[in-house]
Enquirer: 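Below is a structure I'd like to ask you about.
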Amino acid sequence: MFIKQLYTDCLSEAAYYVESEGQAVIIDPLRDVDVYLALATERGATIKYIFETHFHADFVSGHLDLSRATGAPIVYGPGTETNFPIHLAKDGDLFKIGKVKLKVLHTPGHTLESACYLLIDENEKEHALFTGDTLFIGDVGRPDLSSGDLSREELASMMYDSLDTKIKTLADDIIVYPAHGAGSSCGKNLGPETFSTIGEQKASNYALKAANREEFVREVTRDLAEPPQYFPVNARINKEGYENLDDVLMKSLQPLSVAELKSFIEKDYIVLDTRKETAFTRGFVPGSINIGLNGRFSEWAGSLLSFTHPMALITEPGTEKESLIRLARVGFNHVKGFLAGGYESWKNSDEPNDIIIDIDADELALDIRFDENLVILDVRREAEFADGHIKGAINIP
């Protein structure tokens, strides 16, 4: 038996590769599936199943492209309805992979179709639980993202039952493999570890320590931040289907001249600059938006940009494909091309440039003291602003 966690930092997302006797499964794959295909090829294995724990809201899953590439069926838990063929599993179903088995545990709460997958090893011992967004390390999945008509309190009550009857009853030494780690907006306060055990979570996870249903519902629904705007978009894409990633790259990986980019700007296209912020402030195309690839790029793009407005890119030369793949991970399929030669080609033309002047804290302190009309705009998230901010600043995330 072989298990590999494939963790993507910028989305705090974990996919899993499980293999036995030359047969493999992928659990919760990202949209760019080459890494899973390469791993199976490297190990001489065949991908037999693709398991989804639920309709992901924070990224576009790779289930469809991986199924097209391998012929493997896509498995969802009870109650799942999609616009494409799936294997609809029942609670308690067993799937054989070589000498091991995966058992379906229907665990509604985060979403109605949420399921966990219990790995039973060659010796019939329950070894690990792939929990999706039902159970995180130090947290549980938020109950306010369902596309149904249920309230967050009703879903939280369902989650209490799921945890109480399906997960807390498992042996303490079973390994917990969640779909997300720290930084994900799918929970409130995920811990820094990317795996744990049932016993450790019983002892430390606030949600599993709740004394009763009422306390659990109160704690799980308290202080939930507004979910990113792209979450319902991605959940719908994962349910309805999407365009093949190779086709998206083929039509988007198109070099643009300065004149073509200028015409796009005149048509009010979004111009997204993916360079580091330190490079952007020194010079940029007027009106362009900067979200650097060096941070939580996909998440910020999904939170800030329109999914229907045409887009053109300005990148560091050589990062065009990476920019497009990471945009596609959260559902952007309408990029029209990238500026050939990057910002330098614009800078060397006769077109106007813009800069942002950086000032240090001492200079800002003087400006505040002597300019009574100065407005300090703090664009950080509410929680960051609440932890500390410049006196008199206005917070608009």
Enquirer: In terms of hydrophobic clustering (I, L, V, M, F, W, Y; side-chain heavy atoms under 4.5 Å; direct or indirect links), are L170 and I27 co-clustered?
Expert: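 No, no single cluster joins them.
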
Enquirer: How long is the span from the CG atom in L324 to the CG atom in L313, to the nearest 0.5 Å?
Expert: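 The CG atom of L313 is 5.5 Å from CG of L324, to the nearest 0.5 Å.
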
Enquirer: Side chains of L145 and H110: closer than 4.5 Å at any heavy-atom pair?
Expert: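 The answer is yes; the side chains approach within 4.5 Å.
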
Enquirer: Can you check whether W346 reaches S288 side chain to side chain, under 4.5 Å on heavy atoms?
Expert: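 Of all side-chain heavy-atom pairs linking S288 with W346, none is under 4.5 Å.
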
Enquirer: Do the side chains of L253 and V33 join up, straight or via other hydrophobic residues, at under 4.5 Å, putting them in one cluster?
Expert: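 Same cluster.
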
Enquirer: Side chains of Y16 and I26: does their closest heavy-atom pair fall under 4.5 Å?
Expert: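 Sidechains of I26 and Y16: no contact.
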
Enquirer: Using a 4.5 Å cut-off on heavy atoms from C-beta on, say whether the side chain of T315 contacts that of L272.
Expert: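 They are not in side-chain contact.
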
Enquirer: Count the heavy atoms of every other residue, nucleotide or ligand shown that sit under 6.0 Å from NZ of K202, and state whether that count exceeds 12.
Expert: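 Above 12, so yes.
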
Enquirer: Testing the basics here: between G187 and D139, what is the closest heavy-atom pair and its distance to 0.1 Å?
Expert: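 That would be C-OD2, 3.6 Å.
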
Enquirer: Do side-chain atoms of R296 reach the backbone of G183 as a donor and acceptor pair under 3.5 angstrom?
Expert: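 At least one qualifying donor-acceptor pair exists.
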
Enquirer: Parallel, tilted or perpendicular, judged at 30° and 60°: which one describes the rings of H180 and H56?
Expert: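 Geometry flag for H56 against H180: perpendicular rings.
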
Enquirer: Would you say that L102 contacts V18 through its side chain, given a criterion of any heavy-atom pair below 4.5 Å between the two side chains?
Expert: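 No; the side chains remain at least 4.5 Å from each other.
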
Enquirer: Hey, can you tell me if F264 and Y269 have their rings parallel, tilted or perpendicular (30° and 60° cut-offs)?
Expert: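 F264 vs Y269 ring planes: parallel.
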
Enquirer: Any chance you could lay out the salt bridge (charged side-chain N to carboxylate O under 4.0 Å, His left out) test for K251 and E243, step after step, and finish with the verdict?
Expert: CA-CA 11 Å; K251 71 180 183 182; E243 189 176 0; 3.1 Å; yes

Enquirer: Describe, in one word, how the ring planes of F284 and F280 are oriented to each other, choosing from parallel (under 30°), tilted (30 to 60°) and perpendicular (over 60°).
Expert: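 Geometry flag for F280 against F284: parallel rings.
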
Enquirer: Taking the six-membered ring for Trp, is the centroid-to-centroid distance between H54 and Y76 below 6.0 Å?
Expert: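 Not close enough - the centres of the two rings lie 6.0 Å or further apart.
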
Enquirer: Please determine which of T107, T134, D28 meets the side-chain hydrogen bond (donor to acceptor under 3.5 Å, both in side chains) test together with T53.
Expert: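 Exactly one pass, corresponding to D28.
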
Enquirer: With side-chain contact (heavy atoms from CB on, under 4.5 Å) as the criterion, how do V248 and R31 come out once you've worked through the C-alpha distance, each side chain's angles and the decisive distance to 0.1 Å?
Expert: CA-CA 12 Å; V248 172; R31 190 172 184 181; 3.8 Å; yes

Enquirer: In terms of heavy-atom contacts, does NZ of K276 have more than 12 from other residues, nucleotides or ligands at under 6.0 Å?
Expert: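 Counting other residues, nucleotides and ligands, NZ of K276 stays at 12 neighbours or fewer.
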
Enquirer: In plain terms, say whether E320 and R326 are close enough for a salt bridge, that is, a side-chain N and a carboxylate O under 4.0 Å apart.
Expert: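 The answer is no: the pair does not qualify as a salt bridge.
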
Enquirer: Here's a test for you: under ring pair (Phe, Tyr, Trp, His ring centres under 6.0 Å), which of F130, Y17, Y117 qualifies with F51?
Expert: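 Answer to the ring pair (Phe, Tyr, Trp, His ring centres under 6.0 Å) test with F51 among F130, Y17, Y117: Y117.
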
Enquirer: When you look at NZ of K99, are more than 12 heavy atoms from neighbouring residues, nucleotides or ligands closer to it than 6.0 Å?
Expert: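 Atom NZ in K99 is not packed in, count stays at 12 or less.
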
Enquirer: Answer yes or no: does atom NZ of K125 have more than 12 heavy-atom neighbours from other residues, nucleotides or ligands under 6.0 Å?
Expert: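 Yes, the 6.0 Å shell around NZ holds more than 12 heavy atoms from other groups.
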
Enquirer: Is it the case that over 12 heavy atoms from other parts of the model lie below 6.0 angstrom from the CD atom of E344?
Expert: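 Enclosed.
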
Enquirer: Should E19 and K4 count as side-chain neighbours, where that means a heavy-atom distance under 4.5 Å?
Expert: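 They are not in contact (no side-chain heavy atoms under 4.5 Å apart), so the answer is no.
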
Enquirer: Assess whether atom CZ of F385 is packed by more than 12 heavy atoms of other residues, nucleotides or ligands within 6.0 Å.
Expert: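 Enclosed.
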
Enquirer: Please indicate whether D164 has more than 12 foreign heavy atoms, meaning atoms of other residues, nucleotides or ligands, lying under 6.0 Å from its CG.
Expert: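 Count over threshold, so yes.
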
Enquirer: Compute both the distance and the angle, then confirm whether R275 meets the cation-pi test with Y343: under 6.0 Å from the six-membered ring centre, within 45 degrees of the axis.
Expert: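 Yes, a cation-pi geometry holds between R275 and Y343.
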
Enquirer: Just by modelled atom types, is the V176 backbone N or O under 3.5 Å from a matching donor or acceptor in the Q201 side chain?
Expert: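 Checked: no pair found.
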
Enquirer: Do S61 and E52 have a side chain donor and acceptor closer than 3.5 Å?
Expert: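 Per modelled atom types, S61 and E52 side chains form a pair under 3.5 Å.
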
Enquirer: Between R218 and E214, is there a side-chain N and carboxylate O pair less than 4.0 Å apart?
Expert: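 Salt bridge between R218 and E214, a charged N being under 4.0 Å from a carboxylate O: no.
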
Enquirer: Under the side-chain contact (heavy atoms from CB on, under 4.5 Å) test against P178, which residue among T131, T194, D133, V140 passes?
Expert: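 Only match with P178 under side-chain contact (heavy atoms from CB on, under 4.5 Å): T131.
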
Enquirer: Is any side-chain heavy atom of P227 less than 4.5 Å from a side-chain heavy atom of R142?
Expert: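 Counting from C-beta outward, P227 and R142 do come under 4.5 Å.
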
Enquirer: Should K166 and D91 count as an ion pair when the cut-off is N to O under 4.0 Å?
Expert: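 Yes, this pair counts.
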
